[in-house]
Visitor: 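Here it is: the structure, laid out below.
Atoms within each ligand, like the ligands themselves, are counted from 1 in listed order.
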Amino acid sequence: MHIKKQRLLTPGPTPLYPPALHAMMASDVHHRTQDFVKVQAQALSSLKEVMGTSNDVLILVSSGSGAMEASVSNFFSAGDKVIVCVAGKFGERWQEIAKAFGLNAVVLQSEYGDSVSADRVQAALKENPDAKGVFVQASETSTGAAHDIQAMAAAVKPTQALLIVDAITGLGTMPLDIDGWGIDICIGGSQKAFMIPPGLAFLSISPKAWERNATATIPRFYFDLKKEKKMVDKGEGSSWTPNTSHIIALNAALDYIKQLGMPKLVENAQLLAKATRDAAAALGLELFAKNPGSSVTAIKAPAGMDSGVIVKAFRTQFGAIIANGQGSMKGQIFRLAHLGYFDFADTFAVIAALELILHTNGHNVQLGAGVTAAQRVWAEANKPKA
Ligand SMILES: *Cc1c(COP(=O)(O)O)cnc(C)c1O
């Protein structure tokens, strides 16, 4: 046996930023002390800065889905008509949450791998002028597809509807101008491009959404955002015991992201995604998404091969965890992540391993062809300025 380092190459959890992990060891604090309240205020202000918004931002102790639920329970009333874009497993989650809270959902469905166009959203808003909200994923992690949030926002803005974007893998992988485009609720999660473990969700809330909150009657208790905002505004910390260790870690990661600059974090994911797409093409592999985003690249397994074989070989031969397809996509595709703390060296290694796995499983690939394609992307991005 030789050394195999465990590598997380999944679109959440993602690799941890080491200084953030080290910072977590200082979590021997009490959450009602001024010291900790200051740490939390710092996290909120840094989040606003990297998300590029002047809207309120709140942090919840939950995985990303908690903020998805909160964005339904805090801004809607039972029976409200809403438009739900469904292009994969996470879009289906919107649909399930809407159903659980008694909303009347008009579903805009697309095949797995496809996206919902902004034109369809615009048409649905025209047909349903009573719609109170539009729910969508910026990046549909289950298929690797991206949505055109800017165009959707332009369609939603002049209406009474709120635009609620699950940007859990969109933040840090694509430009999202929350204030400029008019994203009413923008949701993020700690274990994605924010480089820390699962356990925190956060969301930005526009004035239009707060106005709606005043008349929204779905019952809520733990995820009461207005109550949470009051606590934050009064300088009293959080409604409940916050996840202190994660907030301390988040500050360390956000310091790094601020130093890098959010546009550079986005560009990083975009370059690694391009390197991966080019490598896939050079190896004769097909992409699953028609409009691929940069958070994760979903690649179809070669004909006659179960993608589970590739996933398993990554784990047993290289110690690396990659994602299979979810639901009916299981066995059909495998997914390689780029969001957060990934770099070119990770990407070269993943592609080299993929080539070896395909090769040893009888798929005819030229070893090195994918790596060369990825190296070209690096070379182009790092060309000395003329
Ligand atoms: C990871 C993810 C979520 C959140 O899932 P949790 O397990 O609740 O953190 C939601 N939407 C998308 C698009 C995701 O990638």
Visitor: Report the residues that fulfil salt bridge (charged side-chain N to carboxylate O under 4.0 Å, His left out) with Lys383, sequence neighbours left out, ordered by chain and then residue number.
Guide: Glu380

Visitor: Is it true that Lys192 and Thr14 share a donor-acceptor pair across their side chains at a distance under 3.5 Å?
Guide: no

Visitor: Counting only heavy atoms not in Gln366 (residues, nucleotides, ligands), do more than 12 fall under 6.0 Å from its CD?
Guide: no

Visitor: Considering only NZ, NE, NH1 and NH2 on the basic side and carboxylate oxygens on the acidic side, decide whether Arg93 and Glu96 come within less than 4.0 Å.
Guide: no

Visitor: If the threshold is 4.0 Å, N to carboxylate O, is there a salt bridge linking Glu211 and Lys208?
Guide: no

Visitor: Verify whether one side chain among Thr169 and Thr141 offers a donor that lies under 3.5 Å from an acceptor in the other.
Guide: yes

Visitor: Write 'none' if nothing qualifies; otherwise put on separate lines each N/O atom of ligand 1 with a protein N/O atom under 3.5 Å away and their distance to 0.1 Å.
Guide:
{"residue": "ligand 1", "atom": "5 (O)", "partner": "Arg93", "partner atom": "NH1", "Å": "3.3"}
{"residue": "ligand 1", "atom": "8 (O)", "partner": "Ser63", "partner atom": "OG", "Å": "2.5"}
{"residue": "ligand 1", "atom": "8 (O)", "partner": "Gly64", "partner atom": "N", "Å": "3.4"}
{"residue": "ligand 1", "atom": "8 (O)", "partner": "Ser65", "partner atom": "N", "Å": "2.9"}
{"residue": "ligand 1", "atom": "8 (O)", "partner": "Ser65", "partner atom": "OG", "Å": "2.5"}
{"residue": "ligand 1", "atom": "9 (O)", "partner": "Gly64", "partner atom": "N", "Å": "3.0"}
{"residue": "ligand 1", "atom": "9 (O)", "partner": "Gln191", "partner atom": "NE2", "Å": "2.7"}
{"residue": "ligand 1", "atom": "11 (N)", "partner": "Asp166", "partner atom": "OD1", "Å": "3.4"}
{"residue": "ligand 1", "atom": "11 (N)", "partner": "Asp166", "partner atom": "OD2", "Å": "2.6"}
{"residue": "ligand 1", "atom": "15 (O)", "partner": "Thr141", "partner atom": "OG1", "Å": "2.5"}
{"residue": "ligand 1", "atom": "15 (O)", "partner": "Lys192", "partner atom": "NZ", "Å": "2.8"}

